[in-house]
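Everything numeric here is computed off the predicted structure, so don't read it as measured data. Position 1 is the first residue of the sequence; numbering continues from there. Computed over heavy atoms, backbone and side chain alike; hydrogens, waters and symmetry mates excluded.
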Amino acid sequence: MTVAEIPAAAPAPAPVAGVVGALRDLVSAEATAEAPGAAVEARDLEQAVWLRLLERLDADAGPPPDAARWVRAAVRAEARRARRTAARELPYRHEPAADPAAGPERAALRSERRRVVRAAVARTPGNCPRLLTAMLAPEDPTYREIAGTLGISQGSLGPMRSRCLGCLRRMLAAEVAAPGHRGRER
């Protein structure tokens, strides 16, 4: 679509354009005068008044009979509304700072790390996958529960766990290089 093909915006109806043109300076001056005590910026007050005026014109109420008086009343009403809103809003004094470890990037990295560990656990030899999976269970089972589930004695669980974790450590070390001390190579 070329610039020539873009439809032109419909011109404002004559009464709206006339009222807006006639009241522009008054609305700006009144909003600038009321804004400091209203806890709102003058442009925001101005915009709220224009919106009220356009809603009135759109509702076929027509322009206000005494436009200057209506503008002053509308600006003061919007300023009162802004003051009431500001009085009700309470600052968060004891809101904890955002935890940088809770960001989406960190969550994605933690998820990837878990996936890599689970995949390595599945590739460990012998009974290691069953043992490590039982130990990584979210229910956090005791040694007695793990030994009962695997059908082995509780006394052999410690040495078996040690061998399986050593195997897993070697597998992960080969896959993922450990970062150096503060980014420096040793």
Open item on the list: So E30 and R76, do their side chains get closer than 4.5 Å, heavy atoms only?
Closed with: yes
Open item on the list: Taking A107's backbone N and O only, do any of them form a donor-acceptor pair with S111's side chain (distance below 3.5 Å, no angle check)?
Closed with: no
- [ ] May I ask you to decide if V121's main-chain N or O and T124's side chain share a donor-acceptor pair within less than 3.5 Å?
- [x] yes
Open item on the list: side chain to side chain contact (heavy atoms under 4.5 Å, CB included) for V40 and R83? Distances and angles first, verdict last.
Closed with: CA-CA 8 Å; V40 68; R83 278 191 294 272; over 6 Å; no
Open item on the list: Tell me the closest heavy-atom pair linking A79 and E34, and the distance in Å.
Closed with: CB-OE1, 3.8 Å
TODO: Heavy atoms only: give me the nearest A134-P141 pair and the separation to one decimal.
DONE: O-CG, 3.3 Å
Task: Closest contact, heavy atoms only, A120 versus L172 - done: CB-CD2, 3.7 Å
Task: Minimum heavy-atom distance E78-A48, with the two atoms named - done: OE1-CB, 3.4 Å
- [ ] Show the numbers, then the answer: is there a side chain to side chain contact (heavy atoms under 4.5 Å, CB included) between V49 and W70?
- [x] CA-CA 10 Å; V49 171; W70 183 90; 4.2 Å; yes
Open item on the list: Is there a disulfide between C164 and C128 in this structure (defined here as SG atoms under 2.5 Å apart)?
Closed with: yes
Task: Where R130 and T149 come nearest, the two heavy atoms and their spacing - done: NH2-O, 3.9 Å
Open item on the list: Is there a continuous path of hydrophobic side-chain contacts, each under 4.5 Å between heavy atoms, that joins V71 to L51?
Closed with: no
TODO: Answer whether the closest heavy-atom distance between the side chains of V27 and L45 falls below 4.5 Å.
DONE: no
Task: Distance (rounded to the nearest 0.5 Å) between L157 CG and L150 CG - done: 7.0 Å
Task: Residues N127, L131; criterion side chain to side chain contact (heavy atoms under 4.5 Å, CB included); working and verdict - done: CA-CA 6 Å; N127 284 333; L131 171 67; 5.6 Å; no
Task: Crowding at CD, Q47 (>12 non-hydrogen neighbours, <6.0 Å) - done: no
- [ ] Search all heavy atoms of L168 against all heavy atoms of V117 and return the closest pair with its distance.
- [x] CD1-O, 4.4 Å
- [ ] First locate atom CG of L53, then atom CG of D58, and finally report the distance between them rounded to the nearest 0.5 Å.
- [x] 11.0 Å
- [ ] Examine L132 and V116 and state if one hydrophobic cluster contains both, with Ile, Leu, Val, Met, Phe, Trp and Tyr joined whenever side-chain heavy atoms are less than 4.5 Å apart.
- [x] yes
Open item on the list: With a 4.0 Å cut-off on N to O distance, would you call E112 and R115 a salt bridge?
Closed with: yes
- [ ] Flag yes if M160 and L165 sit in one hydrophobic cluster, no otherwise; membership is Ile, Leu, Val, Met, Phe, Trp, Tyr, and two members link when side-chain heavy atoms are under 4.5 Å apart.
- [x] no
TODO: Could you check R110 against R114 for side chain to side chain contact (heavy atoms under 4.5 Å, CB included), going step by step and ending with a plain yes or no?
DONE: CA-CA 6 Å; R110 281 192 306 270; R114 273 189 235 109; 3.7 Å; yes
Open item on the list: Keeping E145 on the side-chain end and T142 on the backbone end, is there a donor-acceptor pair under 3.5 Å?
Closed with: yes
Task: Summary of side-chain hydrogen bond (donor to acceptor under 3.5 Å, both in side chains) pairs that have at least one residue in residues 156-165, sequence neighbours excluded - done: Y143-R161, S153-S156
